[in-house]
Amino acid sequence: MTDTRFDPSSADGRWQRAWDEAGTFAADSNSDKPKSYILEMFPYPSGRIHMGHVRNYTMGDVIARYKKMRGYEVLHPMGWDAFGMPAENAAMEKKVHPGEWTRSNIAAMKAQLQRIGFALDWTREFATCDPEYYGHEQALFIDLYESGLVYRRQSEVNWDPVDMTVLANEQVIDGKGWRSGAEVEKRKLDQWFLKITDFAEDLLSGLGDLKDWPDKVRLMQENWIGKSSGLEFSFELSNGETLPVYTTRPDTIFGASFCAIAADHAIAQGLASDPKVVAFIEECKKGGTTAAELETAEKLGFDTGVTAKHPFTGEPIPVFIANFVLMDYGTGAVMGVPGHDQRDFEFATKYELPIARVVAKDASGAAAPMGNEAEAGDGIVVNSDFLDGKPVDDAKADVIARAESGGWGEGKTVWRLRDWGVSRQRYWGTPIPFVHCETCGVVPVAKDQLPVTLPDDIDFETPGNPLERHATWKHCPCPKCGKDARRETDTLDTFVDSSWYFLRFASQPDNAPFDAQEIAKWLPVQHYIGGIEHAILHLLYARFWTRALAHIGKIDVAEPFADLFTQGMVTHETYGLNGAWLSPADVRIEGEKAFAVDGGAEVERGRVVKMSKSKKNVVDPDNIIDQYGADAVRWFMLSDSPPERDLPWSEAGIEGCWRFVQRLWRLFDVYDSGASGEDKALARKAHQAIVAVAEDIEALGFNKAVARIYELTAAAEKAGPSESRNFAIRAILHMVAPMMPHVAEEVHEAMGADGLIADAAWPQHDDAMLVEDEVTIAVQHKGKLRDTLTAPKGAAKEDLEALALASEKVQRSLDGAEIRKVIVVPDRLVNIVT
RNA sequence: GCGGGUGUGGCGGAAUGGUAGACGCCGGGGACUUAAAAUCCCCUGAUCCUAUAGAUCGUGCGAGUUCGAGUCUCGCCACCCGCACCA
């Protein structure tokens, strides 16, 4: 018996050390057990763990610990996505080396994660900025180069002329560099690309097999890959040139009343001797790219005076330069069919071009007037010569067939997906392992010379890429001819680092990136958990790398992540005072109102939004753990909100979790190892909970599992001593062990049980105990509940009906009315229809 | 504009077409205590009411299917997210 309280400040650390010393969570790839690889998206070492991390890793941790209890050999690793721009920004602002900054952040965040008691195999930890890791990445990059999946070409970048650096699109704000504020220029640079488009079809069709991915993510990837099929064909122009266009609606070709080309199309550029053309092209470039601007942007065109000859009718149609045509999709030119494309409709309306109907609901609709918008839907082709009367799909096939046999066009599939540009003109990334030689050209670094490491003595005082500026680093002999040559100074996009890290976790030999046979033991990842913000890029790139590596025979894995789960954000109320934000720590809540701790002024309670530094609505996990310990925070992360939805943090909520931690501790008080006798109702509840909680955890329905554990706990507390109650208490303890492992170990030990509960098996249930022998029957009349009655399970329909009609309440409701029908659902209800 | 999602008490949320609101939080009342903390017990959707009983309403709105709809169908509304002049 005890009257003490559970003290996480001593217990948490004690159990964490116990797991560590026993190597409880080290994954053994040689184990005979079935394998389960549980992975959460590894963090960027920004400096502090935030609540979003805690939620993410708690979910993964519960699954990992649960799987272990279920007899799996579990791989649950952790590492650091350690390259990236924030480290360079810190170097510039705080004058620290990016490596030092990153290393100290990793140390701090690792300590934070360890305080939460995650069941991680730290022996496999690495950071992507470890030369060992990025050296293997360089080797893989060279392998991909040698199999033709890497190439170089000129590509446009956003160039900040003041910082002398390349900017990502999101660093360009209103056409200006985010840091310097300078007008951003477009520059053409030789850049490295990965041929992801080679796998477009496969990446798309592979989505169909990812049954355990959210539909939303699959759809987003599908749209991103953007497959469309149609006809590419050429118009003959009046100036003797030809104009290739691409259309997904060849069936509407008889409705074409103009052609439109992009401002940077070669034909438009060719007309640049005309100052009016130059002025118009300039005008097109000015248009903003924000959603709102595009929405309202007017369709603008410039009639070039050139005409195109319609391939079937031979009629001349005008060629415009237009601001709504994109150079980098299709051929940068389109045929305009105003009747059946909304953009073309707006354009034709503005420039008074003919709007013909070539598709109608049925063949009799040929003469129906057009409305005030384009009709983009299906139908029957009309006013189109030999296509008349054909359904749209047949007409498409017909036109493509004629174009192909006539030699003026061909059916073509066009993808939105572009090849992946991986060059970054930055320091803090994986050096691209190539050398530029005047004689030999671009030459890969010899594998035995890897890794190509980053120099440490760098200077962030002057703008530009530090690798480019470094006194000696880029000078090296050519690996092929030995003459003086120049090292590549671009580094790889950090998305490359995160495209194969899950392979390195599963297998990390010294002399190779990974071992295919080890990989085969663990992959695919059984549960991959992370934020929805990675729905497209990271997940697509990781799928691509997996395919590319399989393609060159390095691994035999089709898809890296069998089951993907995207968790919601952790949110918090916001507090505003005089136009500034206040942090929750500086606010006192009294009933409906909130006041500033400092000065006492009333504070406006704002919306509940994602925790962010800018809104100051952040709660630091470390402070919470200091106050309540790891288990309360973990329990909070799992309670209440379904994991895919946002979780609103609240002081009251964590208090409630803390109370429950103590309730669990006190269960030990009522555990009486000498008690005997059966409490069938409680035993039944316990057996039912064992099954239900397991199902909930497997479906990631943690909030439901939590509710069931609360219910059983309340029942066990109320019950008198019995062996059944002891069973229930042991069951509770084992069921919460994956969620609140510290208090579970503590109680487990206090009850005198052997070993660690972390090593224990999931409690056994008895099927016979799942079945109730009495059920509650609802009795309805006129669609409303009139009475409930208790009946033995499996009672005959007639008996239930008789029982229902015997009810006084039912009789009162019936009030002598004639019974037309009685519906009896066994073990559930009786519905009387009058 | 296109695509997707969500809508249930004061709040977070439960609910194989079958007792709506499990469980948690907040709130109210009480016990224990010199007092507090901690803990325990009871109440807690709304309205009506002759008030330990009973009735009516109630899952964004409007229809429909059904003996029975939060759940299925159709039509709206609101909010959130993603993509975006992709031909």
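Each chain gets a letter, A, B and so on, in the order its sequence line appears, and its residues count up from 1.
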Subject >> N or O in side chain of A:Arg666 less than 4.0 angstrom from B:C40 OP1/OP2 >> reply: yes
Subject >> B:G54 OP1/OP2 closer than 4.0 Å to side-chain N/O of A:Arg786 >> reply: no
Original post:
Touch check for A:Ser639, heavy atoms < 4.0 angstrom, all strands: base, sugar-phosphate only, or nothing?
Top reply: nothing
**OP:** Please state how far atom NZ in A:Lys299 lies from atom C1' in B:A87, giving the value in whole angstrom units.
**Re:** 12 Å
**OP:** For A:Asp640 and B:G12, give me the distance from atom CG to atom P, rounded to whole Å.
**Re:** 10 Å
Original post:
Base, sugar-phosphate, or nothing: which does A:Lys784 touch, judged by heavy atoms less than 4.0 Å apart?
Top reply: sugar-phosphate
Original post:
Considering residues at least two apart in sequence or located in another chain, which fulfil the side chain to side chain contact (heavy atoms under 4.5 Å, CB included) criterion with A:Ser229?
Top reply: A:Thr413
Original post:
Passes salt bridge (charged side-chain N to carboxylate O under 4.0 Å, His left out), A:Arg666 versus A:Glu717? Steps please.
Top reply: CA-CA 9 Å; A:Arg666 287 193 303 269; A:Glu717 285 166 339; 5.5 Å; no
Subject >> From B:C81, B:C25, B:A84, nucleotide with atom closest to A:Ala652 side chain >> reply: B:C25
Original post:
Looking at B:C85, B:A22, B:G18, which one has an atom nearest to any side-chain atom of A:Phe324?
Top reply: B:C85
Subject >> Euclidean distance for C1', B:U6 against B:G70 (whole angstrom) >> reply: 14 Å
**OP:** Would you indicate what A:Gln780 reaches in the nucleic acid, counting non-hydrogen atoms under 4.0 angstrom: base, sugar-phosphate, or nothing?
**Re:** base
Original post:
Hey, does A:Val833 reach any base, or is it just sugar-phosphate, or nothing, if we go heavy atoms under 4.0 Å?
Top reply: sugar-phosphate
Original post:
Taking the side chain of A:Leu326 as heavy atoms from C-beta outward, which of B:C26, B:G3, B:C85 is closest to it?
Top reply: B:C85
Original post:
Do A:Lys704 and B:C23 share a donor-acceptor pair, side chain to base, under 3.5 Å?
Top reply: no
**OP:** Going by the side-chain hydrogen bond (donor to acceptor under 3.5 Å, both in side chains) test, name the single residue among A:Glu808, A:His781, A:Gln780 that passes it with A:Ser813.
**Re:** A:His781
Subject >> side-chain N/O A:Lys809 vs B:G54 OP1/OP2, d < 4.0 Å >> reply: yes
Original post:
When rounded to the nearest Å, what value does the distance between C1' atoms of B:U44 and B:G24 take?
Top reply: 14 Å
Original post:
Can you check the A:Leu785 CG to B:A15 P distance for me, whole Å?
Top reply: 20 Å
Original post:
Of the nucleotides B:C85, B:G18, B:A87, which has the atom closest to the A:Arg828 side chain?
Top reply: B:G18
Original post:
To the nearest Å, how far apart are A:Lys782 NZ and B:U66 C1'?
Top reply: 19 Å
**OP:** Could you work out the separation of B:C57 and B:U52 based on their C1' atoms and round it to a whole Å?
**Re:** 23 Å
Original post:
Within this structure, what is the CZ-to-P distance between A:Phe660 and B:G12, rounded to whole angstrom?
Top reply: 23 Å
Original post:
Touch check for A:Arg820, heavy atoms < 4.0 angstrom, all strands: base, sugar-phosphate only, or nothing?
Top reply: nothing
Original post:
What's the shortest heavy-atom distance between A:Gln342 and A:Ala374, and which atoms?
Top reply: OE1-N, 2.9 Å
Subject >> Closest-nucleotide ordering on RNA chain B, the 5'-leading residue of A:Asn223 and A:Leu829 >> reply: A:Asn223
**OP:** Could you tell me whether A:Asp341 contacts a base, only the sugar-phosphate backbone, or nothing, with contacts defined as non-hydrogen atoms closer than 4.0 Å?
**Re:** nothing
Subject >> Nearest-angstrom distance, P atom, B:A20 to B:U71 >> reply: 14 Å
Subject >> Option passing side chain to side chain contact (heavy atoms under 4.5 Å, CB included) with A:Val217 (candidates A:Leu210, A:Leu207, A:Leu539) >> reply: A:Leu539
Original post:
For the base of B:U39, is there a side-chain donor-acceptor partner from A:Arg5 under 3.5 Å away?
Top reply: no
**OP:** Could you tell me the separation between the CD atom of A:Glu717 and the C1' atom of B:C23, rounded to a whole number of Å?
**Re:** 14 Å
Original post:
Within this structure, what is the CD-to-P distance between A:Glu808 and B:A53, rounded to whole angstrom?
Top reply: 14 Å
Original post:
In terms of side-chain geometry, is the basic nitrogen of A:Lys685 or A:Glu711 positioned less than 4.0 Å from the acidic oxygen of its partner?
Top reply: no
Original post:
Reckon A:Val337 touches a base, only the sugar-phosphate, or nothing at all at heavy-atom distances under 4.0 Å?
Top reply: nothing
**OP:** Measure from CH2 on A:Trp665 to P on B:A38 and round the result to the nearest Å.
**Re:** 19 Å
Subject >> Closest to side chain of A:Val825, choosing from B:G18, B:G24, B:C67 >> reply: B:G18
**OP:** For A:Arg659, answer base if it contacts any base atom (sugar-phosphate contacts may also be present), sugar-phosphate if it contacts only those atoms, and nothing otherwise; contact means non-hydrogen atoms under 4.0 Å.
**Re:** sugar-phosphate
Subject >> Side-chain N,O (A:Arg343) to OP1/OP2 (B:C86) below 4.0 Å >> reply: yes
Original post:
Hey, does A:Asn703 reach any base, or is it just sugar-phosphate, or nothing, if we go heavy atoms under 4.0 Å?
Top reply: sugar-phosphate
**OP:** Kindly say if A:Tyr329 contacts the phosphate of B:A87, meaning a side-chain N or O under 4.0 Å from OP1 or OP2.
**Re:** yes
**OP:** Remember a base hit wins even if backbone is also touched, and classify A:Gly226 as base, sugar-phosphate or nothing at under 4.0 Å, heavy atoms.
**Re:** nothing
Original post:
Any idea if B:G9 is syn or anti, going by the 90°-from-0 cut?
Top reply: syn
Original post:
Rounded to the nearest 0.5 Å, what separation is found between the CE atom of A:Met51 and the CH2 atom of A:Trp649?
Top reply: 3.5 Å
Original post:
Taking the six-membered ring for Trp, are the ring centroids of A:Phe258 and A:Phe347 within less than 6.0 Å of each other?
Top reply: yes
Subject >> C1' spacing across the pair B:A51 / B:C43, given as an integer number of angstrom >> reply: 15 Å
Subject >> Among B:A84, B:G13, B:C85, the one nearest A:Asn323 by side-chain distance >> reply: B:C85
**OP:** With heavy atoms under 4.0 Å as the rule, sort A:Ser650 into base, sugar-phosphate or nothing.
**Re:** nothing
**OP:** Please map the stems of RNA chain B, keeping only stretches of three or more Watson-Crick or G-U wobble pairs with both distances under 3.5 angstrom.
**Re:** B:1-7 with B:77-83, B:10-12 with B:23-25, B:27-31 with B:39-43, B:45-48 with B:54-57, B:60-64 with B:72-76
Original post:
Out of B:G18, B:G82, B:U6, which nucleotide sits closest to the side chain of A:Arg645?
Top reply: B:U6
Original post:
Hey, are A:Glu573 and A:Arg605 close enough for a salt bridge, meaning a charged N less than 4.0 Å from a carboxylate O?
Top reply: yes
Subject >> Nearest heavy atoms of A:Cys657 and A:Trp635, plus distance in Å >> reply: SG-CD1, 3.6 Å
Subject >> Salt-bridge criterion met for A:Asp696 and A:Arg708 (N-O under 4.0 Å) >> reply: yes
Subject >> Of A:Ala333 and A:Val706, the one whose closest RNA chain B nucleotide lies more 5' >> reply: A:Val706
Original post:
Expressed as a whole number of Å, how far does the P atom of B:G45 sit from that of B:A53?
Top reply: 14 Å
Original post:
Looking at the side chain of A:Arg416, which of B:A22, B:G18, B:C86 is the nearest nucleotide?
Top reply: B:C86
